[in-house]
2 protein chains.
Amino acid sequence: MVAALVGDPARANMLTALMNGRALTASELAQEAGITPQTASSHLSKLEAGGLVELEKQGRHRYYRLTDDDVAGVLEGLAGLAARTGHMRVRTGPKDPALRRARICYDHLAGDLGVQMLDTMRDRNLVRQKKQEIELTAEGERFLAKHLQISPEMLAHPRRPVCKACLDWSERRHHLAGTLGAAMMQRFNELKWAARDATPGSRVVNFTRTGEKQFATLFGNGKD
Amino acid sequence: MVAALVGDPARANMLTALMNGRALTASELAQEAGITPQTASSHLSKLEAGGLVELEKQGRHRYYRLTDDDVAGVLEGLAGLAARTGHMRVRTGPKDPALRRARICYDHLAGDLGVQMLDTMRDRNLVRQKKQEIELTAEGERFLAKHLQISPEMLAHPRRPVCKACLDWSERRHHLAGTLGAAMMQRFNELKWAARDATPGSRVVNFTRTGEKQFATLFGNGKD
DNA sequence: ACAATGCTTCGGCTACCATCGAAGCATGAA
DNA sequence: TTCATGCTTCGATGGTAGCCGAAGCATTGT
């Protein structure tokens, strides 16, 4: 039974870690779940047998990812049901402080800095947010063009929205997703303000000294 | 954790027995699951605490039913995943043939007719499907406007996609979800082609005689 | 009042399975 | 070859949860 697989806390933590769509190695997943590699190995083979995850061998690493969107969808549904009853997950977020501060979520900035960025943009009327819906204002467009050289036509996409609120894993508050969130992250990269950590599979985003400074100028909240 | 609740075989059997939307007594559920009443009692209180089932007291009987369509939807999703790997539950799908033929999944049409509808729409190039992603074609827009008076702007929604593939519980194939799936179901209702069964909580969808005829004209596969 | 039905609570048993230490296998590096 | 890393398999242990018998409430019927 599939549900029994998801039912175990250790396996549920692994699956949650895979929910961002990226593939993780067995050891990374073991650490996510807070168990030893040999226990994780047992769990992962069960998840694979159950068709929930796929395995890709690469050298001496073994990368696991969710099989497809159907699996992710069902997991989201389960999370939704769990959320209604307040029976939320015990394990709240990443322990790693660097991961907590700034990381990649799909293709945009998440973590403390990601939440801070959206907060500031909202405060300064660069975007308007109603629940999970976010709209870019005219003021916001001017701001993006001036400071980050991002134009509206760069953000157009047939199916993906420009702005989207994405619930932050560690902060439990929204950060900015959508084509704008992706474009901004890409721009940070190009400007050498920030870069994904070199260690393969890591989702940590490291800011350079000047990048940190510039980011604070644009989106700082005075707390750092 | 919700998944752990569904994971236990005895509880899973009870939930499956409730999938047709009708309420059953504790003893009936005990029999369905093949366990004694006292064990069933323990399970049922857990399911209730987890928000999966609702209790209605009536005399010395206690009727349990699934909390709402969201729960049913997630259970369908789980059953769908289980079906793919051949790791089927012993009890495969709804026994009730009416439920198997046409039922509500969240807010759209599921069951044999739901799968058939998407099949036909795909065959006639009304939609294009790539894995779980479905796109409405220009031909599809014309078709919807002509035969069901559904216009594209009726389908726009900030967060919900217009088309989405949803894995069907009984058929193990995709049917059409998203705002289009919902709009079509609503239109069937308005046109008096079909209606949800009157018995409270039932997810069965009954087609009228003319409705069946019209539906077959638009989406029939020649097998009926 | 008494009995019958439907369901729950309590206590103890048992089986399953997650977990980890130790050892083994594979890949890659020196 | 030799060593290091990443992961798996084996074996033993322990905790948890499903399970049922017996007894206890509650509701209904006579």
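Since the structure is predicted, the reported quantities are computational estimates derived from the model, not experimental observations. Reminder, nothing fancy here: chain letters follow the sequence lines and each chain counts from 1.
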Note to self: Please tell me if Thr36(A) has a side-chain N or O lying less than 4.0 Å from either OP1 or OP2 of dC20(C).
What the structure shows: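 Checking dC20(C) against Thr36(A), a side-chain N or O does come within under 4.0 Å of OP1 or OP2.
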Nucleotide nearest [X] when distance is taken to its side chain, options [options]:
X: Thr39(B); options: dG21(C), dG6(C), dC19(D); result: dC19(D)
X: Asp8(B); options: dG18(D), dG6(C), dT9(D); result: dG18(D)
X: Gln38(A); options: dT8(C), dT8(D), dG18(D); result: dT8(D)
X: His61(A); options: dG6(D), dA18(C), dT9(D); result: dG6(D)
X: Ile35(A); options: dG6(D), dG6(C), dC20(C); result: dC20(C)
X: His43(B); options: dG18(D), dG6(C), dT19(C); result: dG18(D)

Please classify the nucleic acid contact of [X] as base, sugar-phosphate, or nothing, using heavy-atom distances under 4.0 Å.
X: Ala10(B); value: sugar-phosphate
X: Tyr64(A); value: sugar-phosphate
X: Ser42(B); value: nothing
X: Lys46(B); value: sugar-phosphate

Whole-Å distance between [N] [atom2] and [X] [atom1]?
X: Leu47(A); N: dT8(D); atom1: CG; atom2: P; answer: 12 Å
X: Tyr63(A); N: dT27(C); atom1: OH; atom2: C1'; answer: 14 Å
X: Glu28(B); N: dT5(C); atom1: CD; atom2: P; answer: 17 Å
X: Gln31(B); N: dG6(C); atom1: CD; atom2: P; answer: 12 Å
X: Arg62(A); N: dG28(C); atom1: CZ; atom2: P; answer: 12 Å
X: Leu5(A); N: dC16(C); atom1: CG; atom2: P; answer: 17 Å
X: Lys57(A); N: dC25(C); atom1: NZ; atom2: P; answer: 16 Å

Item checked: Non-hydrogen atoms of Ala182(B) and His108(B) that approach each other most closely ->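 Shortest heavy-atom contact: N-CB, 4.1 Å.
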Next item on the list: Assign the ring pair Phe188(A) / Phe215(A) to parallel, tilted or perpendicular, where the plane angle (0 to 90°) is split at 30° and 60°.
Entry: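 The arrangement is perpendicular - the two ring planes meet at more than 60°.
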Notebook entry, point to check: With distance as the sole test, does Asp68(B) use its side chain to make a donor-acceptor pair with the main-chain N or O of Val71(B) at under 3.5 Å?
Noted result: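 Answer holds: yes.
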Notebook entry, point to check: Heavy atoms, side chains only, cut-off 4.5 Å: are Trp193(A) and Leu148(A) in contact?
Noted result: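 Heavy-atom side-chain distance check passes, below 4.5 Å.
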Item checked: Reported CG-to-CE distance for the pair Asn189(A) and Met184(A), which is rounded to 0.5 angstrom ->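 The CE atom of Met184(A) is 13.0 Å from CG of Asn189(A), to the nearest 0.5 Å.
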